[in-house]
Protein chains: 2
Amino acid sequence: MSTPRRTDARRNRARLVAAAAELFDEVGADATAMNDVARRAGVGPGTLWRHFADKDALIAEVVGDSLDNLAALAADLRAEPRALRRWVVELVRHISRYRGLVDAIAHAGPDGPLGGRCHAVEAATADLVERARAQGEVRADLTATEVVRLAMAVAWVNEAVTPPDTADRLLSLIFEGVDR
Amino acid sequence: MSTPRRTDARRNRARLVAAAAELFDEVGADATAMNDVARRAGVGPGTLWRHFADKDALIAEVVGDSLDNLAALAADLRAEPRALRRWVVELVRHISRYRGLVDAIAHAGPDGPLGGRCHAVEAATADLVERARAQGEVRADLTATEVVRLAMAVAWVNEAVTPPDTADRLLSLIFEGVDR
DNA sequence: GGATAATACGGAGTATCACTCCGCTTCGGC
DNA sequence: GCCGAAGCGGAGTGATACTCCGTATTATCC
């Protein structure tokens with residue numbers, strides 16, 4: 001299924017991913033009419049759903065490379081000071097790439113196509129949290145799960161409300177704290 | 001519309017609100033089949049939608065009293081120490097009352113039925129932020145809008161992910177800060 | 001290059017759900 | 001009790017994620 005045998009099938013699959021990426025850019029990954037993805041790719045709806053089990057699988061395919069690159073970035077950041085903070089900024093940016101993406105990620109089961117793509121990101125976060133704690137840069141009781149959730153929370157609220165704050169501002173509040 | 005003339009209409013309206021509150025408790029305010037609300041109230045779908053312009057109006061009616069009580073609470077908190085922190089805890093609790101409620105609030109236009117119900121809450125937040133800043137309890141550049149958004153972000157992430165953290169834990173991270 | 005089986009396509013169809021429309025019923029002032 | 005206004009019921013609508021299957025295309029074997 002992931003790499004179809006016939007050449008027309010491979011071509012159509014690539015077209016579908018490209019069309020979906022375009023439409024996600026334009027109208028977001030949430031309310032998009034999936035039939036439009038098929039139409040833009042020049043295929044029928046049936047073809048769309050033979051290549052992707054459901055909407056989540058399509059989203060996972062579209063953002064997959066982006067998430068993989070993100071996870072790879074963690075290695076570069078490791079040695080730098082305040083790596084965790086920089087990492088979270090990138091994390092928020094990536095999961096805000098398309099409108100509705102955070103929501104899809106949050107509601108994706110860990111074993112689904114989208115959730116699976118996130119494992120490397122979670123592992124990278126855990127690594128950076130561990131290092132930041134060792135350096136004494138962050139509070140000792142901070143967990144990777146909490147960091148991911150705070151990032152998702154920021155990404156969500158920024159796309160849910162109008163006008164959006166800058167993500168940087170909310171992250172500044174969270175990292176440096178609201179209290180004085 | 002808000003107070004129908006005929007007694008049967010008033011009775012049906014009350015039944016609809018009660019039925020909606022029950023269903024929101026059971027399955028949340030998001031994916032609820034609105035027809036079920038009508039059926040549980042013992043009326044037809046047409047009756048539901050004559051009393052409430054749309055789903056948002058129904059939600060607003062169900063949570064209206066709760067939000068009004070919340071806004072009233074702000075007055076009691078004003079004089080207490082760390083009033084803002086306590087306020088935000090209550091704020092998160094109220095907007096997490098039903099699954100899907102935060103989402104509905106976030107996407108409600110400020111002039112819609114739900115958005116309108118939130119104005120008093122926003123005003124109360126602004127008041128408490130102002131006082132907290134004056135006391136030097138929080139950073140001087142903190143705005144009420146930011147506080148509301150952080151509360152919504154926490155409420156959302158707690159219902160979006162499994163297993164949920166406690167809201168208190170995330171609020172602790174946010175108020176006291178992640179950095180050391 | 002033709003036959004054949006495996007593979008893939010198209011698009012009408014389905015289920016679900018928020019919401020609408022309108023003919024019929026019920027209420028309540030007189 | 002009459003009658004107009006107010007309200008009701010529920011089939012219908014439009015949008016949309018997803019399915020089914022008869023048909024077309026491709027790859028393989030000779």
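The analysis underlying the following values was restricted to heavy atoms, covering all of them including side chains, and did not include hydrogens, waters or symmetry mates. Chain letters run A, B, ... following the sequence lines, proteins first and then strands; every chain starts at 1.
Residues A:W156 and A:V161 are not in side-chain contact: their nearest non-hydrogen atoms beyond the backbone lie 4.5 Å or more apart. In this structure the side chain of A:P164 never reaches within 4.5 angstrom of the side chain of A:E159, judged on heavy atoms. The closest side-chain heavy-atom distance from B:R97 to B:F24 is not below 4.5 Å. Residues A:V63 and A:R117 have side chains not in contact (no heavy-atom distance under 4.5 Å, counting atoms from C-beta outward). Side-chain contact between B:R15 and B:V43: absent, with no pair of heavy atoms (C-beta onward) separated by less than 4.5 Å.
When rounded to the nearest whole Å, the span between CZ of A:R39 and P of C:dA12 equals 12 Å. Regarding B:D36, its CG atom lies at a distance of 11 Å from the C1' atom of C:dT16, rounded to whole Å. B:R10 has its CZ atom 12 Å from the C1' atom of C:dG28, to the nearest Å. Distance CH2 (A:W49) to C1' (C:dA15): 15 Å, rounded to an integer number of Å. Taking atom CD1 on A:I59 and atom P on D:dA17, their separation rounds to 10 Å, with Å as the unit. Atoms CG (A:L16) and C1' (D:dC18) sit 14 Å apart, rounded to a whole Å. Regarding A:L48, its CG atom lies at a distance of 15 Å from the C1' atom of D:dC20, rounded to whole Å.
Nearest-nucleotide assignment on DNA chain C puts the 5′-proximal partner with B:T32, out of B:R11 and B:T32. Position along DNA chain C of the nearest nucleotide to A:G44 versus B:N35 favours A:G44 as the more 5'-ward residue.
Checking D:dG10, D:dT19, D:dA27 against the side-chain heavy atoms of A:T7 singles out D:dA27 as nearest. When distances are taken from the side chain of A:K55 to each of C:dG28, C:dC19, D:dC18, the shortest belongs to D:dC18.
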Identify the pairs formed between an N or O of the protein and an N or O of nucleotides 1-7 of chain D at a distance under 3.5 Å, and give each distance.
unit_1, atom_1, unit_2, atom_2, d
D:dA6, N3, B:R6, NH1, 2.4
D:dG7, OP1, B:R5, N, 3.1
D:dG7, O4', B:R6, NH1, 3.4

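A salt bridge is defined here as a Lys NZ or Arg NE, NH1 or NH2 lying under 4.0 Å from an Asp or Glu carboxylate O, and A:E176 with B:R139 meets this definition.
Contact record, B:T47 with B:L16: O-CD1, 4.1 Å, taken as the closest heavy-atom pair.
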